[in-house]
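Reviewing the structure listed below.
Order of the sequence lines fixes the chain letters, A, B, ..., with proteins taken first and strands second; residue numbering starts at 1 for each chain. Keep in mind that the numbers below use all heavy atoms, side chains included, and drop hydrogens, waters and symmetry copies. If you're wondering where the values come from, they're calculated on a predicted model, not measured in any experiment.
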There are 2 protein chains.
Amino acid sequence: MLNDISRFRRFSRAVTSEVGALDTSFLGRGRPLGAARVLNAIGQGRTDVAAIRAYLALDSGLMSRLLRSLEEEKLIELTADPEDARKRRAVLTPAGEAEFSVYEQLSNERAEKLLGTHAHPQALLEAMDLIASALDRNRWSFEEVDPRSQTARYCLEEYYAELDRRFEGGFQVSLSADPDAESMMRPKGVFFVTMSDGLPVGCVGLKGTDKGYAEIKRLWVSPAARGLGLARKLMAKTEEAAREIGIKVLRLDTNKALPEAVNFYRKEGWTEIDRFNDDPYPDFFFEKIL
Amino acid sequence: MLNDISRFRRFSRAVTSEVGALDTSFLGRGRPLGAARVLNAIGQGRTDVAAIRAYLALDSGLMSRLLRSLEEEKLIELTADPEDARKRRAVLTPAGEAEFSVYEQLSNERAEKLLGTHAHPQALLEAMDLIASALDRNRWSFEEVDPRSQTARYCLEEYYAELDRRFEGGFQVSLSADPDAESMMRPKGVFFVTMSDGLPVGCVGLKGTDKGYAEIKRLWVSPAARGLGLARKLMAKTEEAAREIGIKVLRLDTNKALPEAVNFYRKEGWTEIDRFNDDPYPDFFFEKIL
DNA sequence: TGATTTACCTGACTTTAGTCAGATAAAATG
DNA sequence: CATTTTATCTGACTAAAGTCAGGTAAATCA
């Protein structure tokens with residue numbers, strides 16, 4: 001009925017009025033939108049004036065005045081950065097915290113109102129994750145983390161759950177050769193998590209071994225972030241780290257229930273090799289010389 | 001990882017920056033945003049000054065000035081409404097059409113850019129339809145149309161395709177008792193389509209018969225609009241129309257592969273009755289006395 | 001038909017946002 | 001230590017958005 005572009009633009013219109021409504025709801029507190037945005041940026045934990053300026057794309061003069069107006073309202077306190085007295089750091093006063101939480105409440109109420117009246121809020125949220133991930137694709141951050149950290153565990157659990165859904169007969173980590181955390185941390189290996197505005201959307205582990213090669217493990221991309229080239233970026237990061245560590249040979253294994261993964265490795269220049277372990281799950285084995 | 005509200009707000013942030021970027025792209029034409037918005041409202045076919053004012057939530061004074069600035073640019077022409085000379089109607093001049101289409105092009109390019117770089121644009125569009133439908137739920141319009149019209153045919157094709165996916169052994173309209181168009185139009189019956197900002201999201205037919213009852217046929221709600229109470233509204237519209245026509249008894253049939261439909265009819269006060277036709281598809285038969 | 005309402009216009013105003021050229025002081029550089 | 005760079009501030013602006021109290025002419029009402 002509507003073509004693709006019309007559908008996109010219908011979405012834009014719907015969302016513009018929703019976002020506009022959020023903006024105007026921020027005006028109910030007797031403060032211009034600019035000041036409210038700065039207050040919220042500080043409330044979110046941004047303390048560096050320069051960082052806030054970059055985040056909100058504000059002119060330095062305008063920023064200076066907005067900060068002063070919040071200071072005069074006694075909502076924030078500005079102090080010189082102890083390391084560099086040219087820089088200024090902004091923190092909320094208790095009154096500022098209270099005011100910030102009112103804005104938080106306004107945002108949360110809008111969210112609850114929309115989600116609460118929908119019979120399938122999870123489907124709605126998945127759709128939102130998909131769109132947010134697509135829009136945010138140029139702001140991914142790749143973080144090297146402990147594979148036991150909260151973000152890493154979140155990714156791994158999502159990964160295991162997907163394998164369990166897709167493998168014939170399911171998947172149990174305990175039956176698989178689960179690498180211990182140290183083998184996926186420096187100096188042996190690494191573990192990367194990709195964050196997209198607070199949501200982990202992908203991960204990959206590089207597991208060092210004493211057999212003359214390292215293994216790629218737990219390459220996972222969230223359903224919301226598929227089709228955006230994230231797997232390739234994660235692999236590039238990992239290969240870069242492998243070179244730093246001094247690794248020359250990379251190996252990995254995968255399962256026939258994951259045809260897009262098998263395809264991906266072939267396309268990315270991996271060579272199929274013979275089985276090199278006795279893990280019960282994999283059907284395919286690949287190698288890449290760095 | 002993120003809770004529901006945080007996910008919603010991540011979506012809002014992503015979309016705010018996208019919408020902001022669209023807004024600023026509108027500034028490349030040397031015209032303030034307010035004037036650009038009015039020009040676009042007129043280009044979309046809104047001619048009534050009052051309607052544009054309501055749509056854009058503008059003060060009458062501001063509106064008046066914006067219209068004049070567009071008039072001075074010779075992009076629009078203002079004429080008195082022939083039926084009520086107090087009212088003014090705005091239409092684009094040829095130059096205005098050209099300028100409007102530049103804005104259209106800017107919007108379309110943004111849409112193409114995002115969709116074109118995604119490996120699964122259809123999934124993205126489905127997500128957008130879902131969200132747009134949820135946000136637009138308070139602006140549904142219910143239109144009584146010819147079941148052979150383009151919008152009706154679109155709904156029916158979507159409906160048949162879904163039955164074909166869900167019925168064991170598929171679904172073929174030709175095997176079913178396909179009602180002829182006249183039986184679903186006044187004075188015998190009606191056919192309603194629900195529009196959500198240009199996209200048909202649901203339909204229902206009321207088929208008059210000469211057997212002392214009328215039948216509810218082709219009740220369909222788009223996947224994007226499920227969970228928003230649309231089926232109930234469509235049924236209410238249909239019952240209202242049935243009363244107008246003078247129908248006292250409503251009947252319908254449905255299939256065991258559509259358990260949510262069976263549930264819905266039970267919940268909405270329909271009584272299960274014996275088979276009343278020899279259509280090969282239905283398993284359940286219901287009746288409602290008006 | 002006179003009074004009232006409606007739809008839009010005009011003028012005078014304020015607020016907000018944004019720009020830009022210096023000024024200032026701390027830090028980094030040679 | 002003088003010079004340059006960096007981070008922020010200040011003052012003097014402009015443009016855009018928005019507000020509000022009348023004003024005008026057409027339509028509607030009593």
So which protein N/O to nucleotides 26-30 of chain C N/O distances come out below 3.5 Å?
from   : atom 1 : to    : atom 2 : distance (Å)
C:dA27 : OP1    : A:A85 : N      : 3.0
C:dA27 : O4'    : A:R86 : NE     : 3.4

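- A distance of 9.5 Å separates NZ of B:K233 from OG1 of B:T194, quoted to the nearest 0.5 Å.
- Under the salt bridge (charged side-chain N to carboxylate O under 4.0 Å, His left out) criterion, B:E144 pairs with B:R186, not counting sequence neighbours.
- Qualifying side chain to side chain contact (heavy atoms under 4.5 Å, CB included) partners for B:S149, counting only residues two or more places apart in sequence or in other chains: B:V145, B:D146, B:T151, B:A152.
- By the side chain to side chain donor-acceptor pair (under 3.5 Å) test, B:S64 pairs with no residue at all, sequence neighbours left out.
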Exercise answer: donor-acceptor pairs, residues 119-134 of chain B side-chain atoms, under 3.5 Å, sequence neighbours excluded:
from   : atom 1 : to     : atom 2 : distance (Å)
B:Q122 : NE2    : A:D4   : OD2    : 3.4
B:D129 : OD1    : A:R7   : NE     : 3.4
B:D129 : OD2    : A:R7   : NE     : 2.8
B:D129 : OD2    : A:R7   : NH2    : 2.7
B:S133 : OG     : A:R10  : NH2    : 3.0
B:S133 : OG     : B:D129 : O      : 2.7

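- For B:R110, the salt bridge (charged side-chain N to carboxylate O under 4.0 Å, His left out) partners at least two apart in sequence or on another chain are B:E18.
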Let me have the donor-acceptor pairs involving side chains of residues 72-80 of chain A, under 3.5 Å, with sequence neighbours excluded, atom names and distances please.
from  : atom 1 : to    : atom 2 : distance (Å)
A:E73 : OE1    : A:R31 : NE     : 3.3
A:E73 : OE1    : A:R31 : NH2    : 2.9
A:E73 : OE2    : A:R31 : NE     : 2.9

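- Taking a heavy-atom distance under 4.0 Å as the criterion, the stretch of DNA chain D touched by chain A extends 5' to 3' from D:dT5 to D:dA12.
- Evaluation of the salt bridge (charged side-chain N to carboxylate O under 4.0 Å, His left out) rule for A:R243 yields no partner, not counting sequence neighbours.
- The stretch residues 43-68 of chain B touches DNA chain D through B:D59, B:L62, B:R65, each having a heavy atom within less than 4.0 Å of the strand.
- Residue-to-nucleotide proximity on DNA chain C shows that, of A:G34 and B:K87, the 5′-proximal contact is made by B:K87.
- For A:S69, the side chain to side chain contact (heavy atoms under 4.5 Å, CB included) partners are A:A35, not counting sequence neighbours.
- For residues 189-203 of chain A, every residue pair satisfying the salt bridge (charged side-chain N to carboxylate O under 4.0 Å, His left out) rule, not counting sequence neighbours, is listed here: A:D197-B:R13.
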